[in-house]
A.B. asks: 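Okay, here's the structure, questions in a sec.
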Amino acid sequence: MTLEANGITVRLGRSRVLRDVAFSAAPGAVTAIVGPNGSGKTTLLRALTGEVPHEGTVRLNGRDTAEAAPWQLARQRAVLPQATTLAFPFNVIEVVSLGLQEAGAWQVARQALVRVGLSGYEARYYQELSGGEQQRVQLARALAQVWQPVGEAESRWLFLDEPVASLDIGHQLQVMRIARSFAEAGGGIVAVMHDLNLTAMFADRVVLLEGGRVLGEGAPEAVLTDALLSRAYNWPVRVGVAPAAVLFVLPQAAGDGRAD
Amino acid sequence: MSALAFEAAGPIHTRAAGDRSRLARAVTVALAVLLAGAILCSLAIGAAGTSLWSVLAALARGESVPLADSVVLWQIRAPRTLMGIGVGAALAVSGALMQGLFRNPLADPGIVGVGAGAGLGAIAAIVMGAALPAMIRETLGYYLVPVAAFLGGWVSTLVLYRVATRRGRTSVAMMLLAGIALGALAGALSGILVYIADDAQLRDLTFWGLGSLAGATWSKVLTGLPIMLPALVAAPFLARGLNGLTLGEAAAFHLGIHVQRVKNVAILAVAAATGAAVALSGGIGFVGIVVPHLLRLMSGPDHRYLLVNSALLGAALLLVADIVSRTVIAPAELPIGIVTAVLGGPVFLWILFRQRGVLDL
């Protein structure tokens with residue numbers, strides 16, 4: 001009942017974007033993939049979801065995903081890409097309904113829209129929304145696909161590629177809370193994260209990539225360290241140090257996103 | 001809205017909010033009525049004075065129908081009407097399929113070179129058909145031209161998709177540029193074939209290339225329909241796949257869609273519908289781009305309704321255009337391509353103008 005990948009190597013042209021990466025994630029937890037630009041985060045997510053050809057194996061809930069039919073995979077996991085443009089004038093509820101795996105489950109689509117805070121947007125055109133709103137509509141679409149975090153006696157999975165990249169701090173916390181509660185209900189979350197603060201705040205496990213290899217993995221406290229981050233980002237980064245007399249806004253200061 | 005507000009989940013809005021499926025079904029009913037009306041007009045109106053109503057009245061009274069009227073109705077207007085229905089539905093559906101496949105409202109077999117490829121196939125069959133091995137010629141018989149048009153359209157669609165799509169995303173600019181190149185190439189090769197054609201073949205080509213429903217005979221109609229019908233029947237089964245493809249190939253795969261299968265079937269259906277339409281009518285422009293676009297404006301882009309409604313509106317529109325083309329300067333005929341271009345050209349420009357901001361060009 002886990003996600004397990006071994007020997008993942010991805011080649012783009014002659015260069016190897018990922019080199020023999022081993023990755024695992026457990027349901028009931030938020031697993032974050034972090035690393036500098038070009039370290040292979042998104043490529044790893046695409047390999048895990050079967051989107052790019054790769055060497056090595058990916059086993060989801062114990063089954064080799066390479067041998068599963070698309071519809072079987074779709075019942076086990078949903079994927080949120082970084083950004084999605086649409087060429088046709090779909091309205092919001094139509095986009096969310098694309099995620100539905102069963103005909104007639106229209107309530108699920110509407111509840112997913114409530115969940116991402118866009119209730120009342122049903123009849124708006126997707127193309128007329130802001131980038132952040134579009135991203136939340138896509139999240140609702142992914143949620144509608146795997147609405148029950150545990151189904152058919154197996155955990156369902158959400159793969160998120162930088163889910164908060166185009167969101168303001170309030171909506172960042174909202175989206176991370178949605179991911180958190182999906183995991184707490186027994187589902188699995190694998191998220192590529194750019195923001196280390198939000199990662200520290202919401203992840204149970206962190207996988208740090210650098211140059212297509214795993215540099216460190218484990219609990220946030222074990223991976224988000226001065227030594228590992230400085231090496232990965234090639235910059236002297238310091239963790240947990242509040243500089244004196246400098247203005248900063250930390251998501252942590254907003255609490256953990258729960259209402260008081 | 002506060003970031004925390006989702007915890008207090010608001011009431012679920014009624015199913016009606018944003019739901020356009022009922023509207024789309026109402027449009028289906030309205031279009032079916034429109035098509036029925038167009039069929040009656042197409043049978044009733046023509047250069048000859050034959051009146052559909054007097055024929056029907058005669059039949060109702062159990063009297064015999066005058067031979068001249070029977071010939072006009074049964075041998076001239078009926079096959080022409082059936083051909084109009086088939087060609088109009090095929091053009092509109094192949095446009096809608098292609099736009100879904102390329103995730104682009106500008107994709108149309110006539111614009112991106114697929115029609116030209118099908119035309120090249122048809123011309124090659126007319127000019128070089130005699131050089132084919134006897135076995136192939138005898139097996140295909142009258143189907144040679146439509147089958148060749150289908151093959152020409154199929155090869156063009158495959159090449160176009162291959163050039164315009166990279167890593168599962170289709171580039172609009174690449175698609176249009178590749179379409180221009182394909183159209184030019186097919187046009188040039190067609191030109192060479194016309195140049196080497198003999199007089200009899202030239203006459204065939206001229207008749208074929210007029211872009212017209214004139215000269216519709218039962219035998220001609222019946223060679224096109226068997227190629228057209230499978231495409232029209234298959235189209236609605238592609239609806240869910242094409243809906244998913246609007247999010248991109250990767251997202252469609254994650255939604256559980258067998259992307260490669262949907263693409264293969266859609267490309268075959270586009271080629272079959274375009275090939276048969278081109279073989280029957282010589283290629284009539286703008287139906288494939290205007291019809292799906294109008295329907296998306298009316299009732300949304302959901303392919304579950306769009307494909308069926310496109311077939312109905314395409315058929316009705318072509319019948320109306322044909323009625324115009326054979327009555328406006330009767331007893332002569334205006335080529336129907338002129339009528340659809342006069343109607344469709346401005347609509348196409350209007351689409352481009354309105355969607356400048358939305359289209360990701």
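Computed from heavy atoms alone, side chains included, the values below leave out hydrogens, waters and symmetry copies. So that the names make sense, note that chain A is the first sequence line, chain B the second, and so on, each numbered from 1.
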A.B. asks: Does the pair T85(A) and R103(B) meet the rule for a side chain to side chain contact (heavy atoms under 4.5 Å, CB included), with working shown?
C.D. replies: CA-CA 10 Å; T85(A) 54; R103(B) 297 171 280 277; over 6 Å; no

A.B. asks: Nearest 0.5 Å, please: how far is CD1 in I93(A) from CZ in R20(B)?
C.D. replies: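 These two atoms lie 11.5 Å from each other.
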
A.B. asks: Let me know if L255(B) has heavy atoms under 4.5 Å from chain A in its side chain, its backbone, both or neither.
C.D. replies: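 For L255(B), backbone and side chain are both near chain A.
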
A.B. asks: Looking at A74(A), A123(A), P70(A), which makes the most heavy-atom pairs under 4.5 Å with chain B?
C.D. replies: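 Counting heavy-atom pairs under 4.5 Å, the top option is P70(A).
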
A.B. asks: Can you tell me how far the CD atom of Q138(A) sits from the CG atom of L247(B), to the nearest 0.5 Å?
C.D. replies: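 So the gap between those two atoms works out to 5.5 Å.
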
A.B. asks: OG1 of T246(B) to CD of E94(A): how many Å apart, nearest 0.5 Å?
C.D. replies: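 T246(B) atom OG1 to E94(A) atom CD measures 10.0 Å (nearest 0.5 Å).
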
A.B. asks: For the CZ atom on R46(A), are there more than 12 heavy atoms of other groups (residues, nucleotides or ligands in this structure) within a distance under 6.0 Å?
C.D. replies: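 Counting neighbours around CZ of R46(A), 12 or fewer heavy atoms of other residues, nucleotides or ligands fall under 6.0 Å, so no.
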
A.B. asks: Does a side-chain heavy-atom distance below 4.5 Å link F90(A) with N243(B)?
C.D. replies: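 Of all side-chain heavy-atom pairs linking N243(B) with F90(A), at least one is under 4.5 Å.
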
A.B. asks: Any luck finding a side-chain donor-acceptor pair between E51(A) and H254(B) under 3.5 Å?
C.D. replies: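 On atom types as modelled, these side chains qualify, holding a pair under 3.5 Å.
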
A.B. asks: Rounded to the nearest 0.5 Å, how far apart are NE2 of H303(B) and CZ of F88(A)?
C.D. replies: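 Output value for this atom pair is 5.0 Å.
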
A.B. asks: So does W154(B) have more than 12 non-hydrogen atoms from other groups sitting under 6.0 Å from CH2?
C.D. replies: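 Not more than 12 within 6.0 Å, no.
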
A.B. asks: Relative to chain B, which segment of L73(A) carries a heavy atom at a distance below 4.5 Å: side chain, backbone, both, or neither?
C.D. replies: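 Only the side chain of L73(A) comes within 4.5 Å of chain B.
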
A.B. asks: Do R77(A) and F253(B) meet the cation-pi criteria used here (NZ or CZ under 6.0 Å from the six-membered ring centre, within 45° of the axis)?
C.D. replies: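 Ring-cation test returns yes.
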
A.B. asks: For Y125(A), is it the side chain, the backbone, both or neither that has a heavy atom under 4.5 Å from a heavy atom of chain B?
C.D. replies: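 Side chain of Y125(A) only, per the 4.5 Å heavy-atom cut-off to chain B.
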
A.B. asks: Give me the atom names and distance for the closest heavy-atom approach of P89(A) to P301(B).
C.D. replies: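 So the minimum-distance heavy-atom pair works out to O-CD, 3.4 Å.
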
A.B. asks: Evaluate whether atom CD of Q101(A) has more than 12 neighbouring non-hydrogen atoms of other residues, nucleotides or ligands under 6.0 angstrom away.
C.D. replies: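 For Q101(A), atom CD is crowded (more than 12 foreign heavy atoms under 6.0 Å).
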
